[in-house]
Amino acid sequence: MYKLPIGIQDFRKIRENGFKYVDKTRYIYELASAPMSYFLSRPRRFGKSLTVSTLQELYSGSRELFEGLCIADRWDWTRRHPVVRLTLTGIGFPKVGLESALHYALNKVFAAHGIPVVENGSATQKFDYLLNALADRGEKVVVLIDEYDAPIVHYLGEDIDLARRNRDELREFYTVLKNNDHVLELVFLTGVSKFSKVGIFSGLNNLQDITMHPAYATMLGYTQAELEVNFAEEIAQTAKYLKQTEEELLEQLRYWYNGYRFDERAETVYNPVSINNFFSFQKFQNYWFATGTPTFLINLLKEQGVYDVSAQSVNPSGFDTFELDRLKLSAILYQTGYLTITGSDAGGFLTLDYPNKEVRDSMLEHLLEAFVGVETEHGMALVMQMQSAFESGDLDRVFRL
């Protein structure tokens, strides 16, 4: 069996070191065959960084990494373009400020391409100079920006004024992309949140938003067929270990980890983090939720007195209104992956609900802690004690609990 790529988001490392890779390159081919400016929003730990890494290797001409994949015999490997890849997490903006952090990130790209660093000017001017210096070498430039919204989302619930300042600075920074469209081959931005056209992207109105595009709904995450084909050995091995049939195991996997949908007509997908960790530990438990507690969201729900977020009916236009001055719970919960699309009605309204058992149980445990003051790890025990007291008619015990 291939090794499970737990925590690995680098395409080269996965392919060179024998880690399992679920082939998504047909989507990469579709994007690259119609080069323009794309934006894709997905919840955290869903494969965005791996997608960016794959595009980087494709345009760098790393043909050997794609052997045996869908794109291998379809791509023109003589097409090579300089790649500017920026990841806005891990660049130190909480300590040094966004402007200094952007200079640091850009300086690394200058060095990677052997271009002397420009010391004067703002980060926006440096970005503009970099794109044109690369294009002057004869090929159009590919720009890949991962976690484009990190300097904004990081401060939600903590320092909204700083979030606004970072939003305004990034708006100017990203405008460079529109102004240099003539030297760009492809632009691909990813993040968790999807800000409206009058927000961070007001200066970049040529973006093709594929977040809820049906053709790309299963570009990230594992479909049921991808799970059963790519993890056939793990399924057989784990079913034997848990003393279940494979059919029983697959049914439990669907109940626990499937259910994310990014278009109302699309097939549901599994979160890769949950699946890879499940087959590693061979145990049904919370994996994706544990990679990051949504403290800001929990506090926002508590402030608004909302504890039941399931079965919401929302207007799809609400997903385009992620604005700092008017945050909408339904849009935030959907974009961050705590709710997903489960249906639609004749009027075009979408129904949002928890995608699966993992997310529902984990969210309810955190809500219980926030509203009742019970620590998360003790919440379920309290619930079970309450259930027992009610079932036995012991109301005195109910009140004590």
Side-chain angles (χ1 to χ4, degrees), residues 1-5 8-42 45-87 112 134 138-146 184-191 207-232 260 262-263 266-267 269-273 275-276:
M1 294 189 294
Y2 286 96
K3 294 175 287 188
L4 297 169
I8 302 175
Q9 305 173 68
D10 183 76
F11 182 71
R12 175 174 290 275
K13 185 173 183 178
I14 287 174
R15 297 294 288 170
E16 288 185 340
N17 293 277
F19 287 99
K20 187 182 295 292
Y21 175 73
V22 175
D23 190 356
K24 296 287 187 176
T25 58
R26 68 182 180 93
Y27 299 103
I28 300 293
Y29 178 77
E30 293 299 326
L31 286 175
S33 296
M36 58 178 72
S37 296
Y38 292 101
F39 169 70
L40 176 67
S41 169
R42 283 292 183 270
R45 306 300 299 278
F46 232 95
K48 300 186 296 294
S49 296
L50 178 58
T51 302
V52 168
S53 176
T54 307
L55 281 165
Q56 181 180 20
E57 295 294 350
L58 180 74
Y59 280 104
S60 298
S62 306
R63 181 173 188 169
E64 71 283 358
L65 301 180
F66 293 86
E67 290 300 325
L69 300 181
C70 177
I71 200 173
D73 297 327
R74 304 172 69 186
W75 184 249
D76 178 4
W77 293 100
T78 63
R79 290 179 58 185
R80 296 195 178 196
H81 295 269
V83 177
V84 173
R85 178 181 176 182
L86 298 173
T87 301
L134 288 170
E139 296 291 343
K140 288 189 173 183
V141 182
V142 171
V143 177
L144 309 173
I145 301 180
D146 196 10
L184 299 177
E185 173 70 12
L186 178 135
V187 174
F188 187 72
L189 286 84
T190 77
L207 275 178
Q208 173 72 18
D209 184 359
I210 60 173
T211 298
M212 300 179 73
H213 194 298
Y216 298 99
T218 57
M219 180 177 176
L220 278 68
Y222 302 152
T223 66
Q224 187 66 34
E226 288 171 337
L227 172 77
E228 295 184 25
V229 170
N230 290 275
F231 293 87
Y260 298 93
F262 301 104
D263 174 74
E267 186 178 356
V269 294
Y270 293 84
N271 186 298
V273 167
I275 289 302
N276 283 293

Handout entry: Glu185/Arg80 salt bridge by N-O under 4.0 Å criterion
Key = no
If only atom types and distance count, is the side chain of [X] paired as donor or acceptor with the main-chain N or O of [Y] below 3.5 Å?
X: Thr25; Y: Ile71; answer: yes
X: Ser53; Y: Ser49; answer: no
X: Thr211; Y: Ser41; answer: yes
X: Asp23; Y: Cys70; answer: yes
X: Arg42; Y: Thr190; answer: no

When you compare the side chain of [Y] with that of [X], does any pair of heavy atoms fall below 4.5 Å?
X: Tyr260; Y: Leu220; result: no
X: Met219; Y: Ile28; result: yes
X: Tyr21; Y: Pro5; result: no
X: Gln224; Y: Tyr270; result: yes

Completion exercise
Tightest non-hydrogen contact, residues Glu139 and Pro82, listed as CB-CD, 3.8 Å
Handout entry: Lys48: partners by salt bridge (Lys or Arg N to Asp or Glu O under 4.0 Å), with sequence neighbours left out
Key = Glu147
Problem - Nearest-0.5 Å distance that lies between atom CG in Asp10 and atom OG1 in Thr54 - result: 9.0 Å
Completion exercise
ring-ring contact (aromatic ring centres under 6.0 Å, His included) filter on Phe66, not counting sequence neighbours, yields Phe11, Trp77
Handout entry: Enclosure of Arg79 CZ (heavy-atom neighbours >12, cutoff 6.0 Å)
Key = yes
Problem - Aromatic ring proximity, centroids under 6.0 angstrom, Tyr59 and Phe188 - result: no
